[in-house]
Amino acid sequence: MTLYYEQPKIKAHASTKKITLMDIFVERLTRTSFFDTTHSYKKRQKTVFPLKQLSALLFLSILSYGVEAADWYVRAGAGGNGTSWTSAWSNVTNITWTSINPGDTIWVAGGTYGGLVPGKSGNADTAAGRISIKRATAAAHGSATGWSSAYDAQVKLASISWDNTANYFSVDGQVDNGIYIAHTTGNAISFNVPSTYVTLRYIETAGPGTATNYHHTTDDRGIDITPSSGSSAFMKLQHVNVHGACTLLWFMATNNMTLEDSSIYDSHDDSGSVCHPNLIATASSSNVTIRNNKFYNYDAEGIMFLYASAGRWDIYGNVFDGGNGGPYNRVVSSEGGGANGPTYFYNNTVVNLWGTIMGDTGSSYASGSSSSNNIFWNAACDGSSPTIGTRSNNYSNSSCSGTGSISSGSNPFTNYAGANYNLISTIGSTYPKDKGTNLGSTYNGDMNGTTRGSDGAWDIGAYEYNSGSSGTILTLQAPQNLIATP
């Protein structure tokens with residue numbers, strides 16, 4: 001018995017980058033295996049295959065079938081079907097999610113848009129498996145047909161809300177503050193359903209609060225991960241700039257997540273009746289990494305563990321600067337009448353804070369918690385009860401307990417008054433350079449990109465000394481837009 005196979009004619013999305021289809025696979029095989037000597041390759045229309053060979057061919061073709069990621073477009077003022085800049089969707093609210101597949105990228109031109117509600121999941125934590133929304137830039141997507149240099153501008157969204165299941169998903173502003181969300185009430189970004197493998201990058205959220213004390217009228221939050229049920233996991237917040245909200249970040253039942261390379265600041269409230277200001281409020285969250293961030297200008301508990309429900313937290317390489325925040329600011333607070341953690345507090349620089357590591361009556365930090373290689377300048381090195389159990393190689397201009405710790409230290413900063421907390425090169429008994437303990441490769445990278453211990457010894461503090469770099473300065477980042485409120 002024989003069957004006839006005719007080549008199919010395939011049509012694909014005009015913006016598809018690359019296609020691997022059954023007819024291409026068949027053509028490749030027939031050139032080498034399936035042509036009868038009486039057939040001309042150039043003129044053939046039909047080729048006769050034995051049934052067994054055809055079945056094997058179709059099976060292999062199904063396995064190899066796939067369409068690589070497509071590009072889609074959003075541009076204010078357009079009115080198309082999203083397939084090009086000239087035929088773009090006019091708003092993020094108009095995205096046809098049924099057309100989007102894993103690996104696709106939705107490019108958004110600079111402009112003002114409504115609220116983004118992701119409506120489709122990817123299928124893997126890979127470039128080919130994720131769905132991405134990205135601000136368009138000339139460097140990233142300026143060669144596409146219909147491109148205008150005016151599209152390379154800040155994207156302003158009303159909000160981002162995970163109201164639907166949308167896992168393996170990324171929202172990326174591509175450049176500092178590339179995506180901007182202003183909110184006078186409510187949340188800038190909300191996760192209302194359990195979410196996994198979601199990444200947010202280069203996004204600024206600007207709440208109503210300012211650099212000085214502020215009276216909040218609602219319990220507004222910058223990024224709120226509090227699903228009504230279930231838990232979220234494998235979330236990443238990278239290069240986000242969150243400021244002006246009462247609680248800047250809220251993590252509820254959020255596991256295996258990372259906050260890194262971000263600026264979190266301006267958390268105040270002068271009433272206390274409507275909201276409770278925090279850098280991060282969290283409950284029932286474990287295996288959380290907080291690294292290489294700048295937290296500053298706040299009057300709050302800092303990172304507040306609630307309900308004695310926190311699991312492991314790794315907090316390292318950060319700067320905590322209370323600034324003009326007020327008399328009750330602190331770094332970490334264990335609350336809820338039980339043990340939180342274990343908490344690992346390593347290579348942080350803590351300055352100008354009333355409290356550091358502490359908690360409420362009856363609470364504690366779980367066994368194994370430790371504090372090492374931290375600078376406490378105008379801040380209590382040992383904290384107050386409850387404190388983290390094991391302490392070593394910390395540094396303070398007052399008193400500091402623990403093996404290898406330094407008390408009554410000399411000013412180690414490049415420019416303390418200018419909030420440049422990079423270390424000077426001086427090595428001595430009252431300086432933190434080369435006085436740290438080696439904590440292993442997990443913790444050995446600072447926010448300047450310097451490898452700790454690369455000169456033979458670890459330094460104490462968030463910044464490893466690097467003679468070839470002046471490092472970064474903790475500057476008060478101005479928001480991209482200001483909101484006037486009566």
**Q** Taking atom types as modelled, is there a side-chain donor on S333 or E335 under 3.5 Å from an acceptor on the other?
**A** yes
**Q** Check for a donor-acceptor pair, side chain of T185 on one end and backbone N or O of T218 on the other, with a separation under 3.5 Å.
**A** no
**Q** Main chain of R221, side chain of D224: is a donor-acceptor contact present, judged purely on distance under 3.5 Å?
**A** no
**Q** Is a side-chain donor or acceptor of R130 paired with a backbone partner of F169 at a separation under 3.5 angstrom?
**A** yes
**Q** Mind jotting down which residue pairs meet the ring pair (Phe, Tyr, Trp, His ring centres under 6.0 Å) criterion with at least one end in residues 220-242? Sequence neighbours excluded, please.
**A** Y197-F234, Y202-H239
**Q** If the test is side chain to side chain donor-acceptor pair (under 3.5 Å), which one of N374, N348, N373 qualifies with N394?
**A** N374
**Q** Within a strict 4.5 Å, meaning less than it, do heavy atoms of the K294 and M447 side chains meet?
**A** yes
**Q** Would you say that T112 contacts Y180 through its side chain, given a criterion of any heavy-atom pair below 4.5 Å between the two side chains?
**A** no
**Q** Taking side chain as C-beta onward, heavy atoms only, is T199 less than 4.5 Å from Q238?
**A** yes
**Q** Answer with yes or no whether the side chains of N466 and T450 bring together a donor and an acceptor at under 3.5 Å.
**A** yes
**Q** When you look at D163 and S161, which way does the side chain to side chain donor-acceptor pair (under 3.5 Å) test go after all the steps?
**A** CA-CA 6 Å; D163 296 333; S161 296; 4.5 Å; no
**Q** Between N422 and N448, is a side chain to side chain donor-acceptor pair (under 3.5 Å) present by the stated rule, with each step listed?
**A** CA-CA 10 Å; N422 289 273; N448 289 336; 2.9 Å; yes
**Q** With I181 as reference, evaluate V242, V155, L157 under the side-chain contact (heavy atoms from CB on, under 4.5 Å) test and give the passing residue.
**A** L157
**Q** Atom CG of D269 and atom NE2 of H215: how far apart are they, to the nearest 0.5 Å?
**A** 7.0 Å
**Q** For the pair D172 (side chain) and L200 (backbone), establish whether a donor and an acceptor sit closer than 3.5 Å, ignoring hydrogens and angles.
**A** no
**Q** Could you walk me through whether R312 and D314 pass the side-chain contact (heavy atoms from CB on, under 4.5 Å) test, one step at a time?
**A** CA-CA 7 Å; R312 175 173 178 153; D314 288 270; 2.8 Å; yes
**Q** Side chains of M304 and L306, heavy atoms from C-beta outward: is any pair under 4.5 Å?
**A** yes
**Q** Rounded to the nearest 0.5 Å, how far does OG of S231 lie from CE of M252?
**A** 11.5 Å
**Q** What pair of heavy atoms forms the shortest contact from W97 to I133, and how long is it?
**A** CH2-CD1, 4.0 Å
**Q** Assess whether atom OH of Y416 is packed by more than 12 heavy atoms of other residues, nucleotides or ligands within 6.0 Å.
**A** yes
**Q** Using side chain to side chain donor-acceptor pair (under 3.5 Å), reason through N241 and N177 one step at a time and then give a plain yes or no.
**A** CA-CA 7 Å; N241 178 8; N177 306 320; 3.0 Å; yes
**Q** With under 30° as parallel and over 60° as perpendicular, where do the rings of W313 and F305 fit, or are they tilted in between?
**A** perpendicular
**Q** Minimum heavy-atom separation for C381 to S399, with atom names?
**A** CB-O, 3.3 Å
**Q** Can any side-chain N or O of S369 pair as donor or acceptor with the backbone N or O of T343 at less than 3.5 Å?
**A** yes
**Q** If I take atom CG from residue L249 and atom CE from residue M257, how far apart are they, to the nearest 0.5 angstrom?
**A** 8.0 Å
**Q** For the OG1 atom of T196 and the CG atom of N255, what is their distance to the nearest 0.5 Å?
**A** 11.5 Å
**Q** For V193 versus S232, what's the shortest heavy-atom pair and its separation?
**A** O-OG, 4.2 Å
**Q** Testing the basics here: between V288 and T254, what is the closest heavy-atom pair and its distance to 0.1 Å?
**A** CG2-O, 3.7 Å
**Q** Is a donor from one side chain sitting under 3.5 angstrom from an acceptor on the other, for N318 and N293?
**A** yes
**Q** Return the minimal non-hydrogen interatomic distance between S267 and A300, and the atom names on each side.
**A** OG-CB, 4.4 Å
**Q** How close do A462 and T349 get, counting heavy atoms only, and between which atoms?
**A** N-OG1, 2.9 Å
**Q** Looking at CZ of F376 and OG of S407, how far apart are the two atoms once the value is rounded to the nearest 0.5 Å?
**A** 12.0 Å
**Q** Using 30° and 60° as the class limits, which term best fits the ring planes of Y316 and Y443: parallel, tilted or perpendicular?
**A** perpendicular
**Q** Check this for me, if you would: do D152 and R135 make a salt bridge, where the nitrogen-to-carboxylate-oxygen distance has to be below 4.0 angstrom?
**A** yes
**Q** Judged by modelled atom types alone, do S370 and S372 share a side-chain donor-acceptor pair under 3.5 Å?
**A** no
**Q** Salt-bridged, R391 to D382, with N to O below 4.0 Å?
**A** yes
**Q** Would you call K433 and D455 a salt bridge, using N to O less than 4.0 angstrom?
**A** yes
**Q** Testing the 3.5 Å rule here: is there a donor-acceptor pair between the side chains of S121 and T165?
**A** no
**Q** Taking the side chain as every heavy atom from C-beta outward, state whether R291 and T258 have any pair of such atoms under 4.5 Å apart.
**A** yes
**Q** Between the side chains of T430 and S410, does any donor sit under 3.5 Å from an acceptor?
**A** yes
**Q** Scan I264, V240, T205, I223 and name whichever one has a side-chain contact (heavy atoms from CB on, under 4.5 Å) with L248.
**A** I264
**Q** In this structure, which one of F320, Y265, Y421 forms a ring-ring contact (aromatic ring centres under 6.0 Å, His included) with Y296?
**A** Y265
**Q** Does any part of the side chain of N347, heavy atoms only, come nearer than 4.5 Å to the side chain of W458, both counted from C-beta?
**A** yes
**Q** Establish, from distance only, whether the side-chain atoms of D220 and H216 form a donor-acceptor pair under 3.5 Å.
**A** yes
**Q** Please verify the inter-ring angle class for W89 with W72; under 30° counts as parallel, over 60° as perpendicular, anything in between as tilted.
**A** parallel
**Q** Where does the angle between the aromatic ring planes of F413 and W377 fall among parallel (under 30°), tilted (30 to 60°) and perpendicular (over 60°)?
**A** perpendicular
**Q** Testing the 3.5 Å rule here: is there a donor-acceptor pair between the side chains of D321 and N297?
**A** no
**Q** Is the shortest heavy-atom distance from the side chain of L259 to the side chain of T289 under 4.5 Å?
**A** no
**Q** Does the K120 side chain pair with the main chain of I100, one donor and one acceptor, at a distance under 3.5 Å?
**A** yes
**Q** Under the side chain to side chain donor-acceptor pair (under 3.5 Å) criterion, do Y168 and T126 qualify, and how do the steps go?
**A** CA-CA 8 Å; Y168 301 104; T126 63; over 6 Å; no
**Q** Do D71 and H141 come close enough that some side-chain heavy atom pair is under 4.5 Å?
**A** yes
**Q** With distance as the sole criterion, is a donor-acceptor pair present between the side chains of N278 and Y298 under 3.5 Å?
**A** no
**Q** May I ask you to check whether Y151 and W107 place their ring centers less than 6.0 Å from one another?
**A** no
**Q** Run the salt bridge (Lys or Arg N to Asp or Glu O under 4.0 Å) test on D459 and R452 for me, step by step, so that the C-alpha distance in whole Å, both residues' side-chain angles and the decisive distance to 0.1 Å come before the verdict.
**A** CA-CA 7 Å; D459 299 338; R452 303 186 193 280; over 6 Å; no
**Q** To the nearest 0.5 angstrom, please state how far the CG atom of L439 sits from the OG1 atom of T437.
**A** 5.5 Å
**Q** Keeping N187 on the side-chain end and S190 on the backbone end, is there a donor-acceptor pair under 3.5 Å?
**A** no
